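As structure tokens, the structure follows; a few thoughts come after it.
Just so it is clear: chains get the letters A, B, ... in the order the sequence lines come, proteins before strands, and each one is counted from 1. Everything numeric here is computed off the predicted structure, so don't read it as measured data.
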Number of protein chains: 2
Amino acid sequence: MKLLVVEDDPTTAQFIARGLGEEGHSVDCLDNGRDALARALATAYDVMVVDRMLPELDGLSLVRALRAAHVTTPAIFLTSMSGVDDRIDGLRAGGDDYLVKPFAFGELSARIEALGRRPPMQETETVLKAADLEMDLVRRTVTRAGRKIDLLPREFALLEHLLRHKGRVQTRTMLLESVWDINFDPQTNVVETHISRLRAKVDRPFDKELITTVRGAGYRIGD
Amino acid sequence: MKLLVVEDDPTTAQFIARGLGEEGHSVDCLDNGRDALARALATAYDVMVVDRMLPELDGLSLVRALRAAHVTTPAIFLTSMSGVDDRIDGLRAGGDDYLVKPFAFGELSARIEALGRRPPMQETETVLKAADLEMDLVRRTVTRAGRKIDLLPREFALLEHLLRHKGRVQTRTMLLESVWDINFDPQTNVVETHISRLRAKVDRPFDKELITTVRGAGYRIGD
DNA sequence: CGTTCGCCATGAAACTGCTCGTCGTCGAGG
DNA sequence: CCTCGACGACGAGCAGTTTCATGGCGAACG
């Protein structure tokens, strides 16, 4: 499993990293919240182990920020405080478990295994909406104003991405990366093309346009 | 943020420049180390993105030279070699991070944000305010007194700069440099023109004027 | 073979920088 | 203290350039 450990105390960090490494996991270690945020946004981890108290950006804020960006990687908080309130805070922020320091390594290991095996995408959100547009991710259907809309796979993926970031501008580059998995190749206008096709089905037959062009930046849906 | 990209492959360079531009950064692009050295010595950049292999002067030597001249601008190396030794060389030369090609753009972006040591973007929702005026950088929207205002890209960039330096006078030269990327003063009054357009949208429809003229100096917003 | 997708070429629209005429402000001289 | 000239600021309109939208075509895929 691919794990991220965020812990500022070098002794603890090394202790954890070493132990998990010996169990055959791939472990990345960082000592502050800011770097961890950047890393976790860029890389897909199975589980994160996060200290509550961190320099730059504390563990709670870190996980909140990740959740806001739709990163659902399970998190285990390490905390030296044992109050119940802290625990609640942690879970509310989207963390999935917590451990009070000092802890037995075996316990940490067991919880990581448990979380890692958990079916991912536990996000109960299977329907995305914007105004009168609805997308059902399970049925793979899209309707607007009650009328069914047929989308090709690529169009569906594109619309899904826009809806998942409703209200926020998505740059061409972001779309290329997350919908097309393309890392280079600016010499193409696939995005424009598919936006056009999407609009033909989603916007043109209706009154109000939902997909907005933000010149010089990208596209946005809703709001 | 003001960024310098040094990359000799035009495709990659354009890809990077475009992506970062879409995120609202000001990007300068050069294709060889010698020019980059000169430029980086003359201009204050927030972060540099440097290819390891460059004509004239390779990336490693470039950064070493800069460090010798006490230029501490953080650098990210791009390398097609994945050996650990190369990484170590890079870090030893004063580079702050490295990326192996091919890389995901999001990763580059995240690292640039991290290195730019901008006071942490906590909730990924960056909003600039002045009185009843609000600018949401993620949504790319501007509202005043609850009413939505549509701005053109250049107007948006201009207002953003003013807001980032709220209360401080911004001279024409400063604005030309950071909003227009112009370092010498051509006999132009673009600034006045765009200030005027901005006012027409942001100030005129409302009671109180927010954008102040400081005769003989420049412009200021708020306070 | 039909569907889907990416690319190209074309046309349309948006954006931006400039010019230019007017207006307001400041300072010097009467 | 008033007048006049100079300079900067302002804003409308115009035209070049860039960006975006869209229809058609061929390749890939099953």
Side-chain angles (χ1 to χ4, degrees), chain A residues 140 142 149-162 169-173 175-177 179-205 209-221, chain B residues 11 14-15 17-19 21-22 24 26-27 140 142 149-162 169-173 175-205 209-221:
Chain A
R140 301 240 116 200
V142 175
I149 297 176
D150 283 327
L151 294 184
L152 301 177
R154 195 44 44 99
E155 295 163 357
F156 191 92
L158 176 56
L159 181 59
E160 177 182 347
H161 183 86
L162 288 175
V169 173
Q170 294 303 106
T171 67
R172 242 173 308 274
T173 309
L175 293 169
L176 274 177
E177 196 159 316
V179 178
W180 275 266
D181 248 328
I182 292 178
N183 297 326
F184 344 52
D185 193 0
Q187 325 281 31
T188 179
N189 69 338
V190 253
V191 179
E192 285 91 332
T193 302
H194 278 266
I195 286 282
S196 170
R197 288 173 182 160
L198 195 53
R199 278 178 166 151
K201 295 181 179 178
V202 168
D203 269 349
R204 234 193 324 263
E209 79 162 3
L210 289 177
I211 302 172
T212 323
T213 302
V214 181
R215 226 150 218 273
Y219 300 90
R220 182 181 50 198
I221 200 168
Chain B
T11 308
Q14 194 189 336
F15 168 62
R18 172 160 205 167
E22 283 172 348
S26 155
V27 183
R140 294 228 175 203
V142 175
I149 298 177
D150 282 326
L151 293 185
L152 302 178
R154 185 91 329 136
E155 295 163 359
F156 192 93
L158 177 56
L159 181 58
E160 177 183 347
H161 183 87
L162 288 175
V169 175
Q170 293 304 105
T171 67
R172 236 171 309 279
T173 311
L175 292 170
L176 275 177
E177 194 162 322
S178 57
V179 179
W180 274 267
D181 251 329
I182 294 177
N183 299 314
F184 49 94
D185 185 339
Q187 322 289 7
T188 175
N189 69 339
V190 252
V191 179
E192 285 91 332
T193 302
H194 280 267
I195 286 284
S196 165
R197 286 174 182 159
L198 196 52
R199 279 177 165 151
K201 295 182 178 177
V202 169
D203 269 350
R204 232 193 325 266
E209 81 162 3
L210 288 177
I211 302 172
T212 323
T213 301
V214 182
R215 215 148 218 277
Y219 301 91
R220 182 182 49 195
I221 200 167

Under 4.0 angstrom between [X] side-chain N/O and [N] OP1 or OP2:
X	N	answer
A/R154	C/dG6	yes
A/H194	C/dG6	yes
A/W180	C/dC5	no

In the structure I gave you, are the side-chain heavy atoms of [X] and [Y] within less than 4.5 Å of one another anywhere?
X	Y	result
A/L162	A/V202	no
B/E209	B/R204	no
B/D150	B/K201	no
A/R220	A/Q170	no
A/V169	A/T212	no
A/V214	B/E22	no

Could you tell me the separation between the [atom1] atom of [X] and the [atom2] atom of [N], rounded to a whole number of Å?
X	N	atom1	atom2	value
A/L151	C/dT3	CG	P	17 Å
A/L175	C/dG6	CG	P	13 Å
A/E155	C/dT3	CD	C1'	12 Å
B/L176	C/dC18	CG	C1'	14 Å

task: Determine the contact category for A/Y219: base if any of its heavy atoms lies under 4.0 Å from a base atom, sugar-phosphate if only primed atoms, P, OP1 or OP2 are that close, otherwise nothing.
output: sugar-phosphate

task: Could you check whether A/E192 gets within reach of a base, just the sugar-phosphate, or nothing at all, counting any heavy atom under 4.0 Å?
output: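 The residue A/E192 makes base contact.
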
- prompt: Earliest and latest nucleotide of DNA chain D, 5' to 3', sitting under 4.0 Å from a non-hydrogen atom of chain A?
  reply: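 On DNA chain D, the outermost contacted nucleotides are D/dT19 to D/dG24.
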
message: Is it the case that the side chains of A/R154 and A/T193 hold a donor-acceptor pair, with the cut-off being a distance below 3.5 Å and no angle test?
response: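 Judged by distance alone, the side chains do not pair up.
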
query: Given the rule in the side chain to side chain donor-acceptor pair (under 3.5 Å) test, do B/R172 and B/T188 qualify, once you have shown the distances and angles that lead to the verdict?
result: CA-CA 10 Å; B/R172 236 171 309 279; B/T188 175; over 6 Å; no

field: Residue pair B/D203 / B/I211: nearest heavy atoms and the distance that separates them
entry: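 Nearest pair, atom of B/D203 first, then B/I211: OD2-N, 3.0 Å.
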
field: Heavy-atom pair with the smallest gap, counting every atom of B/G24 and B/R140
entry: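 Scanning both residues completely, I find the closest heavy atoms to be N-NH2, 3.8 Å.
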
Under 3.5 Å, which protein N or O atoms sit close to an N or O of nucleotides 7-14 of chain C? Give each pair with its distance.
unit_1	atom_1	unit_2	atom_2	d
C/dC7	OP2	A/T188	OG1	2.5
C/dA14	O3'	A/R215	NE	3.3

statement: Students should find that the end-to-end axis angle of the helix from C/dC1-D/dG30 to C/dG30-D/dC1, with five pairs defining each axis and rounding to 10 degrees, is 30°

- request: Determine the sole option in A/F156, A/W180, A/Y219 for which the ring pair (Phe, Tyr, Trp, His ring centres under 6.0 Å) test with A/H194 is passed.
  value: A/W180

